[in-house]
Structure formats: C-alpha cells, structure tokens
Amino acid sequence: MSVLADKRDYYEVLGVQRGASEEEIKKAYRKEAKKYHPDLHPGDKAAEAKFKEINEAYEVLSDSDKKARYDQFGHAGVDPNFNGGGAGGAGFGGFDFGDIFSDIFGGGFGFGGSTRRNGPVRGRDIHQSVEVTFEEAAFGCKKSLNITRQEDCHTCGGSGAKPGTSPVTCQRCGGTGQVKTQTRTPLGYMTNVSTCPDCHGEGKVVTDPCRDCRGTGKVRKTKTIEIDIPQGINDGQTMQISGQGEPGMRGGPAGDLLISVRIKPHSMFKRDEFNVHIEIPITFVQAALGATLKVPTLDGVVEYDIPEGTQTGSVFRLRGKGIPFIRGRGRGDQYVTVVVEVPKNLSQKQKEALRAFDALSEGKNYKQQKGFFDKMKDFLK
C-alpha cells in the first residue's frame, strides 16, 4: 500500500464535514491542535504524530487552491510529486486530460486549463507557551514574550530585489509559474504540467538580489511583545493573538500567535475549574471544642469558625473566595477541608489526662463508634 493510501482523510483528522466553512475548519484546527500540542504531552510520540497530522490537514484545507485540488483528487492532488492537480488532471502521470478531451471532443467536460499558483497565501501560525503563577492566572497579568518569526525585509520591502530594481517576469514560464511539455500519443497530445524550475512557481525572478535578505524578501527577527493574560484562565488553555504569526505571501494575511498557558502548581491551593480547594490540619482539641481558624485565601488570610465536634474530613465553603470568572462578573468558591491531626510523642502526663478523659466519656461522646458497635452486635447474633 502506498504512503498516500495510508493517510487519513483530512476532514476526518479535523473532525469536520466536507463543505465546512473556512471558519469551521479554523475552529476545529484550534481545538485539535490544543488537545495534542507537544507542550501538553512532553515525550509523547503518539501525540506528536497526531499534532503533525492535524497541522498537515489544516495546511491543505486552509489554502483554497490546495483544498480545491484535495477535494477533487484526494491526497494525490496535494502531493509534491503530483503534477496534474493544478492543470485539471486526475493524477495520471501529470497528463492534462483537459487537453486530451479538448482534442478529441472539443472540450466542454469541465477539466479546465492550467491555473496559476501565485495567489495570496496566509502566513503560518506561531505556537508559544507562557508560564504564570497560580495568582496571576486567577487575577490576570501582563507578560513579556519573545517571539522569533520571518518578517518582510525592510531594505527591499519584501520583494527580494535590490533597492532600485524589481523582480522581472520569468522568461521560461512567461509569468504563469508553470511549464508544459507535450507528448504525442494515439489519443492526441498529452500535456505534462509542472512548477517552473526557474521561478519556483512565483512567475517572477530576482535578477539583482537584496543583500540583506539574499533575495528571499524575508528576514528572521526576534521581537518582544507584551500580552494580557485574562483573569480566570486555566492551565492548558490557548490564547490567540491575530496577525502576530508569520507574514503572508503575495499579499496574504499574517498568521496568528497561539499561546498555550501553563500554571505553576501552588504550595497550598488546588484548582477545580473556578473553585479553590485547601486542606488545613487542626488539633484534637480544636475539633472537639470548636475554634476560630486562620484560613489562607487568594485575597489574604480570613477567620472562619468551626463548630465543636468537627470531624476530620469535614468541608466548609467560603463563598466568592475562588477564581474570578474568565468572562463576566463573579467568582467561584473556596472549599476548606479540615484534617484532625493525631498527636504523637505524648508525655506521661498527657497520656494519663487522655485516659482520664476517655474514662469519663464512657463512649457517650462518640456517636459513630457507638453506632458501629451496635451494628456489630446485630451482626454477631
């Protein structure tokens, strides 16, 4: 089986139907790319392969020319070795079946002539990650981020030509970006269409290249930008900054900057969506008699009264002390779990005091224990 045959359908990869709009394809890509991003799965080869497959699918389906060829010819239509896609062929050795049917039947079968591939192309997205503290994620913050990307050369304005000169029309292809060779067969002339080797499909060539970019029209630069981390953002969520990706080609729009947010673990708090959880150890005496606890929250330390007879594992809620909602007003809650700590290394006096207390209680102060022994008596009957 060929490599192309092993490839999954690109629409299936992104989880969209054929005929999906550009916005639906873009939305599906972001969802899948976020799910399998390498930053979220370090060392996971399967996730890495999935991420590459998703990007490959999006690269084709987000490009109107490639998408049209893929819809008509499948994976063969976007294979670099396939020469028939841009000329209306069907993947048979790069032959132009439009020319064949035109010779035999006079055309009219919808195969069309060769098409130029030098229209606007959207720039690639840039993927970055940023690390924030628990509190920064809760309340929002500003972060400086260094991004490295290709930018249009300021010297030549992105043309690749030395200032004062301009790219000229390619003489080999006449500006079409493609060259044709014809072979006579019993069925007529077979036309093989391929990318022009001189201009690489651009239709123009630079005869006097710019010194700064060496004729590419692009230079690699590192730029520092300031980004706003919104309040309530969660670990693994991706922020999109439009137009901050790689620049487009031939007048195409720039890609986007996709920033994956990583939150540092907190020493005391744990997060569940917009709620915060914390465990606080209390003494046997505090649990038995009740106490006023000093409870850390994201807003500082607050006091909370626990009742006498509090059991280990009891959970108390502090309303509105959780994470602010990422959109709109309001906050989640904070849940405080108390854990009764059993004392160790007791002195002789302490032990005697506890034994005296136990003797005085006669089991009347332990409801759960009494209930258990009552059930045990019934069980042993």
Side-chain angles (χ1 to χ4, degrees), residues 27 30-31 33-35 37 39-42 128-145 225-241 257-344 365-369 371:
K27 185 177 179 181
R30 288 176 184 155
K31 178 183 176 183
K34 173 187 171 185
K35 189 187 302 182
H37 196 281
D39 287 345
L40 303 180
H41 306 277
Q128 289 273 78
S129 63
V130 63
E131 189 175 54
V132 297
T133 66
F134 196 93
E135 290 83 358
E136 287 174 334
F139 298 114
C141 64
K142 291 184 180 293
K143 286 285 183 180
S144 293
L145 192 65
I225 63 171
E226 191 173 70
I227 58 174
D228 290 312
I229 307 293
Q231 67 174 22
I233 197 164
N234 212 338
D235 186 64
Q237 285 189 303
T238 299
M239 297 171 51
Q240 177 192 359
I241 303 180
L257 174 60
L258 303 177
I259 304 170
S260 178
V261 178
R262 308 294 298 173
I263 301 177
K264 297 178 183 177
H266 199 278
S267 60
M268 290 187 295
F269 300 125
K270 292 187 183 300
R271 179 171 174 172
D272 178 21
E273 295 296 332
F274 294 100
N275 296 323
V276 172
H277 295 261
I278 188 173
E279 279 192 0
I280 296 182
I282 60 174
T283 67
F284 167 77
V285 175
Q286 287 176 314
L289 303 180
T292 298
L293 303 181
K294 293 186 181 295
V295 181
T297 73
L298 290 172
D299 301 309
V301 176
V302 300
E303 292 186 344
Y304 187 85
D305 295 325
I306 60 172
E308 65 178 45
T310 293
Q311 301 299 308
T312 189
S314 296
V315 180
F316 303 96
R317 179 168 67 171
L318 304 180
R319 294 181 182 273
K321 291 296 183 181
I323 305 291
F325 298 141
I326 194 168
R327 292 186 180 87
R329 299 178 180 177
R331 294 173 64 169
D333 300 325
Q334 178 167 320
Y335 291 89
V336 181
T337 302
V338 294
V339 180
V340 178
E341 186 175 4
V342 178
K344 297 179 179 180
N365 303 102
Y366 300 102
K367 291 183 179 179
Q368 291 184 19
Q369 191 179 67

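Computed from a predicted model, the values in this text were never measured in an experiment.
- Listed by chain and residue number, Glu136 satisfy the side-chain hydrogen bond (donor to acceptor under 3.5 Å, both in side chains) test with Lys143 (two or more places apart in sequence, or in another chain).
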Result block: side-chain N/O donor-acceptor pairs under 3.5 angstrom for residues 312-324, not counting sequence neighbours:
{"unit_1": "Thr312", "atom_1": "OG1", "unit_2": "Val340", "atom_2": "N", "d": "3.0"}
{"unit_1": "Ser314", "atom_1": "OG", "unit_2": "Gln311", "atom_2": "N", "d": "3.4"}
{"unit_1": "Ser314", "atom_1": "OG", "unit_2": "Gln311", "atom_2": "O", "d": "2.7"}

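- Rounded to the nearest 0.5 angstrom, Thr238 OG1 and Arg30 CZ are separated by 10.0 Å.
- When all heavy atoms are compared, the tightest approach of Glu341 to Pro281 is OE1-CB, 4.2 Å.
- Among residues at least two apart or in separate chains, there is no salt bridge (Lys or Arg N to Asp or Glu O under 4.0 Å) pair with a member in residues 266-290.
- Looking at Asp235, its side chain does come within 3.5 Å of a backbone N or O of Ile263 through a donor-acceptor pair.
- Looking at Phe139 and Thr133, their side chains never come closer than 4.5 Å, going by heavy atoms from C-beta outward.
- Ser260 and Gly236 make their closest contact through OG-O, 4.3 Å (heavy atoms, listed as atom of the first residue, atom of the second, distance).
- For the pair Val336/Leu293, no side-chain contact is recorded, criterion being any heavy-atom separation below 4.5 Å from C-beta on.
- Taken to the nearest 0.5 Å, the CD1 atom of Ile280 stands 11.0 Å off from the OH atom of Tyr304.
- Counting non-hydrogen atoms of neighbouring residues, nucleotides and ligands closer than 6.0 angstrom, the CD atom of Glu226 exceeds 12 such neighbours.
- Residue Cys141 holds its SG atom at 8.0 Å from CD1 of Ile227, rounded to the nearest 0.5 Å.
- Across every non-hydrogen atom of Gln237 and Gly232, the tightest pair is OE1-O, 4.4 Å.
- Met239 and Ile233 make their closest contact through CG-CD1, 3.7 Å (heavy atoms, listed as atom of the first residue, atom of the second, distance).
- Here the NZ atom belonging to Lys142 is positioned 3.5 Å from the CG atom belonging to Asp228, to the nearest 0.5 angstrom.
- A donor-acceptor pair is defined here as one N or O able to donate and one able to accept, closer than 3.5 Å; such a pair exists between the side chain of Asn275 and the backbone of Asp333.
- Annotation: side chain of Tyr335 is not in contact with side chain of Thr337 (no heavy-atom distance under 4.5 Å).
- Between Leu257 and Ile259, the closest side-chain pair of non-hydrogen atoms falls below 4.5 Å.
- Across all non-hydrogen atoms, the minimal contact from Pro296 to Met268 is CB-CE, 3.9 Å.
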Using the rule given for side-chain contact (heavy atoms from CB on, under 4.5 Å), can you reason through Arg331 versus Leu298, listing the C-alpha separation, both sets of side-chain angles and the distance that settles it, and then say yes or no? CA-CA 11 Å; Arg331 294 173 64 169; Leu298 290 172; 4.2 Å; yes

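- Contact annotation: the side chain of His277 never approaches that of Gln334 to less than 4.5 Å [non-hydrogen atoms, C-beta and beyond].
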